[in-house]
Amino acid sequence: MFADRYSRRQAIFTACLVFCIGALFQCAAQTFTQLFIGRAVGGVGVGALSALSPLYMAEISPPEVRGSLMALEQFAIVLGVVVGFWLGFFTRDIPSSASWRIPLAAQLMPGIILLVGCAFLPASPRLLVLHGRYEEAKRSLAMLRLRTVEEAEEDPLIQLELLEMRVEATMIHRTLGTAENFHKSSSVFDELKTWKRLFGEKYRDRTMVGVLMMVFQQWVGINALLYYGPTLVRSIGFTGDTTVTLLVSGGIGIVQFIACLPAIVFIDKWGRKPLLRGGSAVMAFSHFAIAVLISLFSEDWASHSIAAWAAVGCIYLFTAAYGISLGPIGWVLPSEVFPSSMRSKGVALSTASNWINNFLVGLVTPVTIDYSPSGTFMMFAVAAFFAYLWSTYSVPETANVSLEEVDKMFRSSVGREESALKKQIEENVGLSDLVRRLGVEG
Ligand SMILES: O[C@H]1[C@H](O)[C@@H](O)[C@H](O)[C@@H](O)[C@H]1O
């Protein structure tokens with residue numbers, strides 16, 4: 001709500017401030033309750049930021065490199081996972097509260113950088129267009145594409161981007177009311193109505209893409225490995241030294257981090273779908289192999305050390321496959337599938353799905369490991385298999401198309417009347433004309 005009514009920047013700044021206050025509380029905590037309150041406040045900030053960042057990045061990126069730029073979010077998340085783990089690892093033996101205060105204080109560093117950095121973030125041109133502030137939108141887009149305003153006026157590609165945004169905004173204003181209405185504060189009832197639209201006929205498909213994306217991202221079990229790594233590693237035979245189990249599970253973060261790099265390079269070249277399909281297939285295979293190895297050898301790992309190492313290899317294989325597919329794409333796809341009018345709410349819902357499922361996996365995993373370690377890996381294998389089917393049959397390819405064109409992919413099922421209206425608007429704002437001219441010149 002805040003992100004739509006004011007600006008993406010203000011919303012990011014506020015969420016970041018909340019996060020920093022929470023982090024300060026945590027590292028200065030004197031009692032468990034204070035630590036708990038600090039975690040809760042920090043959690044509110046990070047929850048909001050995890051929805052706001054992909055939303056903002058999708059809106060400012062040029063289509064050809066949007067996937068790579070957005071995959072940087074995953075890069076940053078995993079960098080945090082790795083730094084957090086290893087900082088905790090190295091400070092764990094400090095014989096004072098510094099052992100946990102240092103890792104908790106480390107959060108403040110990226111928090112403060114972002115807080116200061118907000119002053120330099122250009123406004124989202126899409127939101128400005130939606131608010132009817134065309135001149136500012138042009139200036140902001142020029143800045144984002146490293147042009148002066150005069151150059152932007154001459155550049156047909158920037159003009160095309162701006163016109164596409166205007167067409168979409170006009171469509172939205174026809175359905176939701178004027179630009180002023182969009183900007184004006186709405187009642188709780190109006191807000192609820194907009195949320196309800198996410199589940200109506202027109203947006204249901206996209207809502208499913210956003211929500212399911214995160215269901216699969218979580219249920220293939222990445223956080224089970226990150227949270228319960230040492231326990232899971234013990235379940236595949238490494239029962240001795242705690243340092244070994246910690247090191248193996250610490251390696252999971254590093255593999256995920258390294259795997260993110262090819263994702264950044266290939267996500268726009270190869271597209272989202274091939275990465276999702278290939279990644280899910282490899283994940284299903286590795287989890288399945290671990291489940292089989294556990295059920296064959298768990299009675300006597302000591303005399304089957306090769307099998308135990310093969311299982312560790314499969315854990316790393318899974319992590320690499322996840323790190324190049326569901327990990328980064330989970331943060332890319334939801335922001336791409338929604339039109340501007342519904343993007344902030346759609347992405348917020350997908351992000352909520354991420355955290356809710358993350359929480360559920362965290363809750364369920366210790367119980368299932370206790371009951372059956374091989375069954376636990378089988379459960380993740382099944383989730384990865386469904387992710388494969390879903391990415392094959394339900395996911396649209398969003399690589400290299402503008403957000404407005406993605407909108408068209410879904411609209412094709414929404415009806416002819418609307419496309420006729422859109423054509424009319426395209427004529428009115430001069431988009432069709434520009435496209436014709438570019439076609440002739442090209
Ligand atoms: O994309 C991220 C990443 O893969 C993290 O390691 C994981 O902890 C998050 O839950 C996930 O959303």
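Whatever order the structure lists them in is the order used to number ligands and atoms, beginning at 1. Values below: every heavy atom of this structure, side chains too, minus hydrogens, waters and symmetry copies.
Ligand 1 lies within reach of Q218, whose nearest heavy atom is under 4.0 Å from it. For the pair G330 and ligand 1, no heavy-atom separation below 4.0 Å is found.
Taking the six-membered ring wherever Trp is involved, the centroid distance between the rings of F377 and F288 does not fall below 6.0 Å.
Within ligand 1, counting atoms from 1 as listed, the ones closer than 4.0 Å to a heavy atom of L226 are 6 (O), 8 (O). Atoms of ligand 1 lying under 4.0 Å from at least one heavy atom of N358, given by number and element, are 10 (O). Every atom of ligand 1 is numbered from 1 in the order shown, and the set under 4.0 Å from a heavy atom of G327 is 1 (O). Applying the 4.0 Å criterion to heavy atoms of Y322 picks out, from ligand 1, the atoms 1 (O), 2 (C), 3 (C), 4 (O), 11 (C).
Checked by atom type, the side-chain pair S280/W390 shows no donor-acceptor distance below 3.5 Å. Side-chain contact of E168 with S340: a donor-acceptor pair under 3.5 Å is present, judged by distance alone. Between the side chains of T392 and R277, a donor-acceptor pair is found at a separation under 3.5 Å.
Looking at N223 next to ligand 1, an N or O pair under 3.5 Å apart turns up.
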Problem set entry | Residues Y371, V367; criterion side chain to side chain contact (heavy atoms under 4.5 Å, CB included); working and verdict | CA-CA 6 Å; Y371 182 67; V367 181; 5.6 Å; no
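Remark: minimum distance from atom 12 (O) of ligand 1 to any protein heavy atom is reached at Q217 OE1, 2.8 Å.
Looking at Q256, M214, E73, Q74 and measuring to atom 2 (C) of ligand 1, the nearest heavy atom belongs to Q74.
The ring-ring contact (aromatic ring centres under 6.0 Å, His included) test applied to Y228 returns no partner, not counting sequence neighbours. Residues passing the side-chain contact (heavy atoms from CB on, under 4.5 Å) test with L115, sequence neighbours excluded: F13, C16, L17, C20.
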